[in-house]
Protein chains: 2
Amino acid sequence: MANDNENKSIKMRDVADHVGVSVATVSRALRNPEQVSPAVRARIAAAIDTLGYLPDPAARALASTRSDLIAVILPSVSNNVFADVMDGIYAAAEGTRYSVQLGYSRYSPLSEENLTKLFLRQRPAGIVVTGIDQTDATKTLLGQANCPVVQIMETGPEPYDRMIGFSHYDAARVATAHLIAQGYRAPGFLGARMDPRTQRRLHGFRDELRAQGLEEGRRVHTTTRPSSVTLGSYLLGELLSVAPETDAVFCINDDLALGAMFEAQRRNLRVPESLGICGFNDMEMMGAAEPALTSVRTFRREMGEGAIQMILDALAEKAPASEPVLDLGFEVVARTSTQRGG
Amino acid sequence: MANDNENKSIKMRDVADHVGVSVATVSRALRNPEQVSPAVRARIAAAIDTLGYLPDPAARALASTRSDLIAVILPSVSNNVFADVMDGIYAAAEGTRYSVQLGYSRYSPLSEENLTKLFLRQRPAGIVVTGIDQTDATKTLLGQANCPVVQIMETGPEPYDRMIGFSHYDAARVATAHLIAQGYRAPGFLGARMDPRTQRRLHGFRDELRAQGLEEGRRVHTTTRPSSVTLGSYLLGELLSVAPETDAVFCINDDLALGAMFEAQRRNLRVPESLGICGFNDMEMMGAAEPALTSVRTFRREMGEGAIQMILDALAEKAPASEPVLDLGFEVVARTSTQRGG
DNA sequence: TTGTAGGCGTTATCAT
DNA sequence: ATGATAACGCCTACAA
């Protein structure tokens, strides 16, 4: 039973005295248990428990030139996509000696650079960054970081170290191909924020249209404003007024798709007959909507978990872990909203 | 211009040498600038800039027995309610010398207790916890923490220190009153997770019904499962099969409300005529839905920002800040989904 | 296997 | 206003 008493913070010294060994031994018992005899180890464990000793992370970090922090840099707090990633990250870090230090770049590469400097200064056990569009300075910093570095959310040719994600370009192409396969001949594109990953989806959309011999016309509508359901409704309205021939929309994310669907209902546009709708990410609501909405499923939680696991493996010097780049892929989940029937 | 060179981490010693002063002076220039002559201060600032010096947080924390971390403990990663709170928290911490250390309790008081111990061990500059339902051990720890403590999301009688939130009980009563005022006579209740805050909403619902002389019958449907849109659809189905007289639902959150709405559409139940729907939190999608959904607006971002501001104020020893408990209130946003017309 | 002792980069106390 | 110089709590060679 742990003893939750004594606020006068207990230090390693106290544990050592209590057991009758030196602090060095206690330290070893904690860091390299195999170097200390089972008997002593047990007594130390007991003492730690009864005294309620908790190591001081600052002292540990200072002395070992290595903290137990895993730094994570994400673009956004409020975007539910990253909420899921974080969910995976925290789940994977739970129970390990490492804790997560989160930073938000607000989609700004410069802000990301500052966070990187700040975090690297703490000599983290590992670092997780989003995507591949860092500034040159950040690239340099991460390139020579002396801890595992994992990039998430994307795949690409030159990882700093390791990478886990999927191809946004491919995902968009396949989604677009799905729309076309369903018989839609004038699909439009709704985009918000237009960060690099979103841009790559747009490229995928365009390339697929072209590859299938279709024109995009004036059916690509984007804005740099952050996405929202309301914005989805608005963008669909814009799109339809400029390109009334539009018979389907590929939306950059599920919020826009939901907004587009609501707007279609308001205009008495039948989904999927008159308008096909495809979202991106496949958040939980997509399958629950009426009509159920098609989306591209991405493995957000898995990316978070996988990133931490990669770092843990690297720290444990497990086998060079096969490929440095892990592609988790994606999956078009076809639902009613694009079921036009060829 | 900052100079992004030299990875060989630069320390205070280096900038001291560069300027020709002692490290003590550099330290002062950083912590108590007013104790250093303007001339020297300027030269130090310049040196810091050209050398690209960044202080080591571990060393600083160890020496000062005080870290620049603000610990934040929230129940959930993926719940968008807390995403908004975090948004406010990070926004308010941005630009200060403090950084945020986040922990997730997964709605477990025990987990919250462990996190509290862990975080307190780092001698944080401040700590933010969610709600008022801590374990006794946690209460003790927070009660004697020697840093500002702010509780968010609720109001209550005995804050450890400071508190910013609103009354979930009152919010539920007012929302229920709104349904009744709209002419609904058999409102039901849909709840998920049923954490303490949710329970208080249920109490509010019940008390208001009783106060208005209405019976709740068998119209309260709850589950401890985490909420989702799908679950909202499911719960409405359950509710209607057990209590077909139900003419409105007060949902514990917006996801459930959205799910209920989709389910109503599937059953060709007209909203708001045959079924009134009211959510909770007023997430962005509520106003964008078709029909637009009534909800209880809560000030999530503001709670996050406010909590950090309270801590900053306390650290700056600003005036005792009026009341220790700040009630941000709530607001029933009446939309189409409850517009039955009295 | 265990103990000794120096050092990690800052802060803070005391002088000067 | 500035400079020495002990802490701060732990880790890690090096010794024993």
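Note: hydrogens, waters and symmetry copies are ignored here, and every other heavy atom, side chains too, is used.
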Trainee: Taking OP1 and OP2 of C/dT10, is either one under 4.0 Å from a side-chain nitrogen or oxygen of B/S27?
Mentor: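 No, B/S27 has no side-chain N/O under 4.0 Å of OP1/OP2 on C/dT10.
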
Trainee: Would you indicate whether the side-chain heavy atoms of B/M153 and B/V81 approach each other to under 4.5 Å?
Mentor: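 Yes - at least one pair of side-chain heavy atoms lies under 4.5 Å apart.
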
Trainee: Do A/S67 and A/Q122 meet the criterion of a side-chain donor-acceptor pair at a distance under 3.5 Å?
Mentor: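 Distance-only check fails for A/S67 and A/Q122.
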
Trainee: Once you round it to whole Å, what is the distance between P of C/dT10 and CZ of B/R13?
Mentor: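 After rounding, the reported distance stands at 11 Å.
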
Trainee: Do the side chains of A/R197 and A/T130 get nearer than 4.5 Å, heavy atoms only?
Mentor: yes

Trainee: Think A/Y53 has a side-chain N or O under 4.0 angstrom from the OP1 or OP2 of D/dG9?
Mentor: no

Trainee: Taking for each residue the nucleotide of DNA chain D bearing the nearest heavy atom, is the 5' side occupied by A/V26 or by B/V36?
Mentor: B/V36

Trainee: Whole-Å distance between D/dA15 P and A/Q35 CD?
Mentor: 17 Å

Trainee: Just the rounded figure in Å: distance from P of D/dA1 to CZ of B/R31.
Mentor: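 Those two atoms, CZ and P, are 19 Å apart.
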
Trainee: Just the rounded figure in Å: distance from C1' of C/dC8 to CZ of A/R66.
Mentor: 14 Å

Trainee: What closest approach, in Å, do B/M303 and B/G165 show between heavy atoms, and which atom pair accounts for it?
Mentor: SD-CA, 3.7 Å

Trainee: When you measure from the side chain of A/K11, which nucleotide among D/dC10, C/dG9, C/dT10 comes out closest?
Mentor: D/dC10

Trainee: Does a nitrogen or oxygen in the side chain of A/S64 sit under 4.0 Å from OP1 or OP2 of D/dC11?
Mentor: no

Trainee: Just to confirm, is there a sub-4.0 Å distance from OP1 or OP2 of C/dT2 to any side-chain nitrogen or oxygen of A/S37?
Mentor: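 Checking A/S37 against C/dT2: at least one side-chain N or O falls below 4.0 Å of OP1 or OP2.
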
Trainee: Using whole Å, what does the distance between atom C1' of nucleotide D/dC10 and atom CG of B/D56 come to?
Mentor: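 My rounded result for the distance is 14 Å.
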
Trainee: Starting from the 5' end of DNA chain C, give me the residue, A/A24 or A/A59, whose nearest nucleotide shows up first.
Mentor: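 Its nearest nucleotide lies further toward 5', so the answer is A/A24.
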
Trainee: Less than 3.5 Å between a donor and an acceptor, one on the side chain of B/R121 and one on the base of D/dG9, is that the case here?
Mentor: no

Trainee: If you check every side-chain atom of B/V40, which of D/dC10, D/dT2, C/dT4 has the closest atom?
Mentor: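 The listed nucleotide nearest to B/V40's side chain is D/dT2.
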
Trainee: Measure the distance from CG on B/D14 to P on C/dC8 and round it to the nearest whole Å.
Mentor: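 In whole Å, C/dC8 P lies 12 Å from B/D14 CG.
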
Trainee: Could you check which of C/dT4, C/dT10, D/dT2 has an atom nearest any side-chain atom of A/R28?
Mentor: C/dT4

Trainee: Do B/P148 and B/R162 have side-chain heavy atoms sitting under 4.5 Å apart?
Mentor: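 Contact flag for B/P148/B/R162 side chains = no.
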
Trainee: Reading DNA chain D from 5' onward, which residue's closest nucleotide shows up sooner: B/V23 or B/R123?
Mentor: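 Its nucleotide being nearer the 5' end, the pick is B/V23.
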
Trainee: Within this structure, what is the CG-to-P distance between A/D17 and D/dG9, rounded to whole angstrom?
Mentor: 14 Å

Trainee: Taking any heavy-atom pair under 4.0 Å as a contact, classify A/T25: base, sugar-phosphate, or nothing.
Mentor: sugar-phosphate

Trainee: Within this structure, what is the CD-to-C1' distance between A/Q122 and C/dC8, rounded to whole angstrom?
Mentor: 16 Å

